[in-house]
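Before any comments, here is the structure.
Below, all heavy atoms of this structure are taken into account, side chains as well, without hydrogens, waters or symmetry copies.
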Amino acid sequence: MAGVEVVSEQGFRTDGRKPNELRRIRCKQGVFSHADGSAYIEQGNTKVLATVYGPHEIRGSRSKALHDRAYVNCQFSMATFSTGERKQRPRGDRKSTEMTMHMKQTFEATILTQLYPRSQIDIFVEVLQADGGNFAACVNAATLALIDAGIPLKDYVCACTVGFVDDVTIVDINHLEETNHIAEFTVAMLPKSEQFVMLEMSSRLHLDHLSKVMDMATKACKDVHLVLDRAVRDHVSEVWQQLGNT
Amino acid sequence: MAVDLRLSCRIKQKPTTIYKEPDHLVTPGDVITTDTGFMRGHGTYMEDDKLYASVAGTVERVNKLICVQPLKSRYSGEVGDVVVGRIAEVGQKRWKVDTNSRLDSALLLSSVNLPGGELRRKTAEDELMMRQYLSEGDLISAEVQAVFHDGALSLHTRSLKYGKLSQGTLVKVSPSLVKRRKTHFHNLPCGASVIVGNNGYIWISPTVNEEADSTGGFVQDLNPVATADREVVARLHNCILAMARHRMMLSDTSIIYTYEASLAIGSLVKDLLKPEMESEVVTMARERLETES
């Protein structure tokens, strides 16, 4: 991708967005009837499906049961057709294992697990189309699915990927921008209390720029929260009405 | 064999209605109150003297207690609830039963009526016989006897109306569609019995004569069921599925109304699974419920 500048002289990115502009987010809760909770999210061309089962009795080995809180089981997978080049296997490679671990840590910090001792909560996310910011989209989808399942959370978990290139911070980077070797920042945060639950940085960044990048990421996560909250409120209102309440 | 193929773009899209947001709707992380005079109920948590919501739903206040009830969640049992469950495991002096709860429920050997109604002598033999009474995969109806401190349920079947279920169909719906009522066992006029479990498990079976059933439900009647009866059961099954998909509350009246609506339309049992038929039947039943109540 040599020769293509990430941000043009006029201040626009390759897909025509401004540096602080998110991609369009479309989401839907309750897409599966057999799961306890499910959600589908599109962030631009990144499409993710999340399902949540539980809290239920520990399946598999009993030794995983925790006597004071619930055990959170995550699985991150990418469909073989999700990337430009067909993937060999959907899960189990090093990258997916790492993503799974990050997801688990993120949600163990946010779910009020102490309410469900000796139970298990399963979170399955599947990337259907990967166009950058996969982890962020997965976290957002899983949050919606958990809310749909009625599992108590401290707050929404909103995630966003932020890039830093040529003194400019760009939010919600897509695949094209990811391939340009820019400094990449993935944050997951609780937007209302402004607490960070996960932060990952993929390359070096000068300390002077850090606060600027963090501010931008916070702003982006809060924007994501607004969109998700609107979707949840609409969904709850619809279900509320259908259940025969006025 | 004929296959019914439709393009998804041809299915009539439901009109996008704007739903009015209910009062006191909260989502996770919303501050409910900063007043410290309130008690923390389900679906809320306290931090820095503020009361936050942890689930999405509407705020319910009973005197000083504030709760938020999610619209969909796992079954949380209360003593006296009627449940339908499936045996998951046979253990030491107890069966583990899957009841859609957050932990498997326990059915103690001491809280079942043994076959023939004989009194249990506490011997090692009947512990070894446990798998003969109920084995993995069997369906039972039971009542919640107690709730353990960790939230698991203890069941009992010490009544002739509870026990092993023999021939019929199970439908699983969301527990929030079932309200607690005086009775959950219904003999419908169409010739089927329905057990509407509080846990969202619904058992539909052809009605059998009461007087033949005096064994406490441990002997399964495996005689073939007449086709007409099977059709009634299947139609009820599809009606309840349609109701669940449209989030209609399940009670004996609403089930009968939906069943009769499906008959009035004259649809085949299998056609009830089509989305457009589903919504038509449910809308008819809803309208009738509204006019007659």
Side-chain angles (χ1 to χ4, degrees), chain A residues 29-30 33-38 53-59 65 67-68 70 110-112 114-121 143-144 146-158 190-193 195 225 228-246, chain B residues 16-22 25-31 42-45 47-48 50 52-58 68-74 76 88-89 96-105 149-152 172-177 241 244-249 254 282 286 289-290:
Chain A
Q29 280 182 298
S33 55
H34 60 263
D36 287 305
S38 55
Y53 292 87
H56 59 72
E57 185 85 16
I58 298 260
R59 308 266 180 255
H67 70 279
D68 58 341
T110 346
I111 300 173
L112 300 175
Q114 70 278 8
L115 296 176
Y116 302 113
R118 302 198 295 113
S119 308
Q120 173 179 348
I121 296 169
T143 304
L144 289 177
L146 283 166
I147 292 172
D148 184 41
I151 292 175
L153 300 172
K154 266 192 201 138
D155 196 348
Y156 285 79
V157 203
C158 295
L190 310 181
K192 290 218 184 86
S193 50
Q195 285 174 310
H225 171 252
L228 298 190
D229 194 45
R230 187 71 259 151
V232 169
R233 280 172 185 273
D234 287 345
H235 180 72
V236 171
S237 307
E238 184 186 342
V239 176
W240 178 256
Q241 204 112 0
Q242 282 182 328
L243 283 172
N245 301 295
T246 44
Chain B
T16 45
T17 41
I18 309 293
Y19 293 96
K20 198 184 134 274
E21 202 168 285
L25 174 65
V26 287
T27 51
D30 280 351
V31 178
H42 288 297
T44 62
Y45 68 96
E47 214 173 79
D48 306 331
K50 284 183 195 154
Y52 293 90
S54 63
V55 295
T58 51
V68 182
Q69 188 66 38
L71 295 179
K72 190 165 91 177
S73 71
R74 284 259 160 172
S76 59
E89 202 180 301
K96 287 276 189 167
V97 190
D98 163 34
T99 51
N100 194 28
S101 176
R102 56 181 194 256
L103 287 169
D104 280 352
S105 309
H149 68 277
D150 62 353
K172 294 181 182 176
V173 302
S174 164
S176 55
L177 296 176
L241 266 189
R245 216 162 286 167
H246 288 82
R247 302 194 183 87
M248 192 173 165
M249 294 303 278
S254 66
V282 169
R286 271 225 169 106
L289 263 181
E290 264 165 38

* **Donor-acceptor side-chain pairing of A:Tyr156 and A:Asp229 below 3.5 angstrom** => yes

* Asked: Does the side chain of B:Ser176 pick up a donor-acceptor pair with the side chain of B:Ser174 at under 3.5 Å?
  -> yes

Using a 3.5 Å distance criterion without hydrogens, assess whether the side chain of [X] forms a donor-acceptor pair with backbone atoms of [Y].
| X | Y | answer |
| --- | --- | --- |
| B:Asp98 | B:Asn100 | yes |
| B:Glu89 | B:Lys96 | no |
| B:Ser254 | B:Met249 | yes |

* Asked: With a 4.5 angstrom heavy-atom cut-off, which part of B:Pro70 approaches chain A: side chain, backbone, both or neither?
  -> side chain

* Between B:Ala244 and chain A, which part of the residue has a heavy atom less than 4.5 Å away: side chain, backbone, both or neither? -> neither

* Would you mind checking if A:Arg118 and B:Asp104 are paired as a salt bridge, meaning a charged N to carboxylate O distance below 4.0 Å? => no

Give, as side chain, backbone, both or neither, the part of [X] having an atom under 4.5 angstrom from any heavy atom of chain B.
| X | value |
| --- | --- |
| A:Leu153 | both |
| A:Lys192 | side chain |
| A:Val236 | both |
| A:Ile121 | neither |
| A:Ser119 | both |
| A:Leu243 | both |

* Using ring pair (Phe, Tyr, Trp, His ring centres under 6.0 Å) as the criterion, list what pairs up with A:His34, not counting sequence neighbours. => A:Phe32

* Taking every heavy-atom pair that is under 4.5 Å apart, which of A:Asp234, A:Asp148, A:Leu112 has the most such pairs with chain B? -> A:Asp148

* Structure fact -> Looking only at B:Thr44, B:Leu177, B:Thr58, B:Val26, the option with the highest number of non-hydrogen pairs under 4.5 Å against chain A is B:Thr58

